[in-house]
Chemist: 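Okay, handing you the structure first.
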Protein chains: 2
Amino acid sequence: MARIKDVAVRAGVSVATVSRVLNANPSVSEETRNRVYAAMTELNYVPNAVARSLRTEATRTLGLIIGDILNPFFAELARAVEDTARKAGYTVVIGNADERAEEQDHYVRTLIEQRVDGLLICPTAEVTPLVEQAAATGDPLVFIDRVLPGMDVPSVRVDGTAAIGELVGHLKRLGHRRVALISGPLRLSTGRERTDAFVKAVAEHGMELRPEYIQSGDFQLASGRALSARLLDLPEPPEVIFGGDNLMTLGALDEIRARGLRIPEDVALASFDDVPWFPHMNPPITAISQPVAELGARAVRVILDRLHGRPAGSVVLPAVLVPRQSCGEGRNVS
Amino acid sequence: MARIKDVAVRAGVSVATVSRVLNANPSVSEETRNRVYAAMTELNYVPNAVARSLRTEATRTLGLIIGDILNPFFAELARAVEDTARKAGYTVVIGNADERAEEQDHYVRTLIEQRVDGLLICPTAEVTPLVEQAAATGDPLVFIDRVLPGMDVPSVRVDGTAAIGELVGHLKRLGHRRVALISGPLRLSTGRERTDAFVKAVAEHGMELRPEYIQSGDFQLASGRALSARLLDLPEPPEVIFGGDNLMTLGALDEIRARGLRIPEDVALASFDDVPWFPHMNPPITAISQPVAELGARAVRVILDRLHGRPAGSVVLPAVLVPRQSCGEGRNVS
DNA sequence: CCCTCCCGTGTAATCGATTACATGAGGGTA
DNA sequence: TACCCTCATGTAATCGATTACACGGGAGGG
């Protein structure tokens, strides 16, 4: 593959001049610039980003570590991050942690070895020594979606509290009183927040708050189904099941269908986390939608701020309720 | 950030020795090796992959260019590629071409600049000069999913012909006679293949083949909905609509529901391309499932073969029919 | 006419690793 | 004791770019 030196020889100039042309340095005469361009095309020259990065100590690359690319939430997040980064001239390397601290660490290590300019992490529950050290070293880190307590790292996340309050109000207005939540592990900031917000909202609306209506699983389909079964087997089952993420909602849906129950007549269903196919279900599923694209875009902006020495603070975005038909008469927004 | 030289000084050895330790070269005494390891941890040394790559001319990185990460098909593909590559010690950089030749070229260029060891591409319709040149230069390329005619590049793809034949048989057995297809653009190898296979199978089964039952759109939801509307408005509408990908099927579903028609009683529905939530629909959607994970894994293996000088041929994998309930009595597989 | 300054370009050091080759110590053998 | 070999380690060139600094020539001012 042609090197800068080959281009220089071909154009009859020095490597410095070729480099200046590459970097659009204005102090090259137009005539020389054209000769260099000609030489480049003749040789099919493609600059070597590896060599450039070694010298400039910058890779124009960001690392993104997510929980699971198969989850539409993360897919959308990845896409937004990629789009925003690309517009700023950065490439994104995605690492799939598969919700395992060990895999997460693998990518933290690999991406730091590759000298990415910044690292966006959806952290697993644990604070691993590696992440702690990266933060301490001052590597440019940003947490997305989830937050780890007690770490001095800027974060960009969604606050669903208000939307959950709205949802509970929506349910009350539709006549529901016995409402249940199946959510994720309390050790994740997201699982904890959703549970707390729900409990609080139910209390504030003066609705029944039975401990057995608050179930905690692992954000996976199977646990959503199992917990729904438990709820529906109760002597007095809830009138509404609220899934803590799209997969738990899907599990609930399976269990409800398997029992031949109708939605929303026999039991209503709502989801935290909207996915593109919820509107196409029968009936369309009422969901709390997170501003995922915004989440990704803001995270990129925070890290770029940091890279350019601008002050970079944390960001909290609101989720919004999208009422559809799965809880009864939809469309009548608060 | 600590460099190899710092480690060398700290351990009282030369940089060569440190490098040997890094590369697990056996000709280093155990005692020295331990001293070096100690120095590394004391300094929080992280090797610089950029410098290593410059010297070794290998990045242990693969590029993957896909159509759209939001499409579950590509998400699963990306995940499989990443998994397989990671097990072989490679990192994957994903580029989202957004089905645009221009974006595709952007990533081809960027990834070649970054000197990825190999490039996996789901090509857009066009053969761009850049891709052509990359192929001619002998850059390690592999096409996934789609194929560009007349290029000497190994490909890994799915052949749905047999499964489509099976589906048509399945439909016939269930008593359907008037079957329609809404598929993608004929300029894509996938759109063309699915249409050809369907037409051929319908003919072979001696079922009605009306030209107006074969519609071609753009693999997007809106076009699926519009084409379905056109079909259902026909004086004699089809008994079955077969969507050419998951999005067109979803569009068809919307149109069918909007008209208050029942599936499968009023009109049956099937999809090429299975997605995780089809089994959870009401009724569960009969689909042709592509071995996506296998597709990704094989593509990685093909490119690694090529990188290691082993012969690398093209691969064709069969799709399989997954009968569910959306065409009538499910479960009775051929 | 000479001095300065600027413009366009070139020379060479540098980034952090890998690795061919050199070196020196120690052991075994004749 | 002399020789050779092996083993552990060191020296220095190298990968392909960027960039500080140097330099020569021409323009402009006094």
Side-chain angles (χ1 to χ4, degrees), chain A residues 1-40 43-61 89 91 109-117, chain B residues 1-40 43-61 89 91 109-117:
Chain A
M1 199 166 268
R3 303 167 338 273
I4 201 174
K5 200 191 290 186
D6 305 318
V7 175
V9 171
R10 180 101 180 195
V13 298
S14 74
V15 293
T17 299
V18 177
S19 175
R20 280 187 271 255
V21 171
L22 276 177
N23 294 282
N25 185 319
S27 76
V28 177
S29 75
E30 178 158 353
E31 193 241 319
T32 309
R33 190 194 328 275
N34 288 335
R35 270 216 321 284
V36 171
Y37 278 138
M40 284 180 178
L43 296 172
N44 282 331
Y45 173 70
V46 180
N48 186 326
V50 174
R52 168 183 297 144
S53 294
L54 178 60
R55 184 60 235 249
T56 61
E57 327 231 66
T59 51
R60 297 199 76 78
T61 294
T91 304
R109 168 165 291 278
T110 305
L111 293 171
I112 292 181
E113 281 189 6
Q114 312 224 358
R115 296 297 191 268
V116 293
D117 293 339
Chain B
M1 198 165 266
R3 305 170 332 277
I4 200 174
K5 200 191 288 187
D6 305 317
V7 175
V9 170
R10 179 102 180 194
V13 299
S14 73
V15 292
T17 299
V18 177
S19 175
R20 279 187 273 256
V21 171
L22 275 177
N23 294 281
N25 185 320
S27 76
V28 177
S29 75
E30 179 158 352
E31 193 241 321
T32 308
R33 190 193 330 273
N34 289 336
R35 267 215 325 281
V36 171
Y37 278 139
M40 285 180 178
L43 296 172
N44 282 331
Y45 173 72
V46 180
N48 185 325
V50 173
R52 169 184 295 143
S53 293
L54 178 60
R55 183 62 235 247
T56 60
E57 327 231 64
T59 51
R60 297 198 77 77
T61 294
T91 304
R109 169 165 290 278
T110 305
L111 293 171
I112 292 181
E113 280 188 8
Q114 311 225 1
R115 297 297 193 268
V116 295
D117 293 340

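Here is how names work: the chains are called A, B, and so on, in the same order as the sequence lines, proteins then strands, and each is numbered from 1.
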Chemist: Could you check whether Thr56(B) gets within reach of a base, just the sugar-phosphate, or nothing at all, counting any heavy atom under 4.0 Å?
Modeler: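 Sugar-phosphate, backbone atoms only, no base.
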Chemist: Listed by chain and number, what are the side-chain hydrogen bond (donor to acceptor under 3.5 Å, both in side chains) partners of Thr56(A), not counting sequence neighbours?
Modeler: none
Chemist: Without decimals, in angstroms, what is the distance between Leu22(B) CG and dA17(C) P?
Modeler: 8 Å
Chemist: Whole angstrom is fine here: how far is it from CD1 in Ile4(A) over to P in dG10(C)?
Modeler: 12 Å
Chemist: In whole Å, I'd like the distance from the CZ atom of Arg3(B) to the P atom of dG16(C).
Modeler: 5 Å
Chemist: What does the inter-axis angle of the helix from dC1(C)-dG30(D) to dA30(C)-dT1(D) come out as, five pairs per end, nearest 10 degrees?
Modeler: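 Terminal axis comparison yields 50°.
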Chemist: Drop me the distance from Asn48(B)'s CG to Glu57(A)'s CD, to the nearest 0.5 angstrom.
Modeler: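 Nearest 0.5 Å value for the CG-CD distance: 8.5 Å.
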Chemist: Can you tell me how far apart OG1 (Thr17(A)) and CG (Asn25(A)) are? Round to the nearest 0.5 Å.
Modeler: 9.5 Å
Chemist: Please give, in whole Å, the distance from dT18(C) P to Arg60(B) CZ?
Modeler: 13 Å
Chemist: Could you grab the distance from atom OG of Ser27(B) to atom CZ of Arg33(B), nearest 0.5 Å is fine?
Modeler: 9.0 Å
Chemist: Rounding to an integer number of Å, can you tell me how far Met1(B) CE sits from dA17(C) P?
Modeler: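 One finds 11 Å between P of dA17(C) and CE of Met1(B), rounded.
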Chemist: Taking OP1 and OP2 of dC15(D), is either one under 4.0 Å from a side-chain nitrogen or oxygen of Asn48(A)?
Modeler: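 Looking at the OP1 and OP2 atoms of dC15(D), neither is under 4.0 Å from any side-chain N or O of Asn48(A).
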Chemist: Mind jotting down which residue pairs meet the salt bridge (charged side-chain N to carboxylate O under 4.0 Å, His left out) criterion with at least one end in residues 2-21 of chain B? Sequence neighbours excluded, please.
Modeler: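 Of all non-adjacent pairs touching residues 2-21 of chain B, those that pass salt bridge (charged side-chain N to carboxylate O under 4.0 Å, His left out) are Arg3(B)-Asp6(B), Arg10(B)-Glu42(B).
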Chemist: What's the separation between atom CD1 in Ile4(B) and atom CG in Leu43(B), rounded to the nearest 0.5 Å?
Modeler: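 Going from CD1 on Ile4(B) over to CG on Leu43(B), the span is 12.0 Å.
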Chemist: Generate the contact string for nucleotides 7-12 of chain D. Rules: B means base contact, S means sugar-phosphate contact only, - means no protein heavy atom under 4.0 Å.
Modeler: -SBBBB
Chemist: Expressed as a whole number of angstroms, how long is the span from Leu54(B):CG to dA13(D):P?
Modeler: 17 Å
Chemist: Which of these nucleotides, dG16(D), dG16(C), dA17(C), is closest to any side-chain atom of Arg52(B)?
Modeler: dA17(C)
Chemist: Please state how far atom CD in Glu57(B) lies from atom P in dT18(C), giving the value in whole angstrom units.
Modeler: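 One finds 14 Å between P of dT18(C) and CD of Glu57(B), rounded.
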Chemist: Which residues satisfy the side chain to side chain contact (heavy atoms under 4.5 Å, CB included) test with Asn34(B), sequence neighbours excluded?
Modeler: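 If we apply the side chain to side chain contact (heavy atoms under 4.5 Å, CB included) test to Asn34(B), skipping adjacent residues, the hits are Glu30(B), Tyr37(B).
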Chemist: With sequence neighbours excluded, tell me which residues meet side-chain hydrogen bond (donor to acceptor under 3.5 Å, both in side chains) with Arg35(B).
Modeler: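 Expected list: Glu31(B).
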Chemist: Going through the checks in order, is the side chain to side chain donor-acceptor pair (under 3.5 Å) test met by Gln114(B) and Thr91(A)?
Modeler: CA-CA 10 Å; Gln114(B) 311 225 1; Thr91(A) 304; 3.2 Å; yes
Chemist: For Asn25(A) and dG10(C), what is the distance between atoms CG and C1' respectively, to the nearest whole Å?
Modeler: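 Those two atoms, CG and C1', are 14 Å apart.
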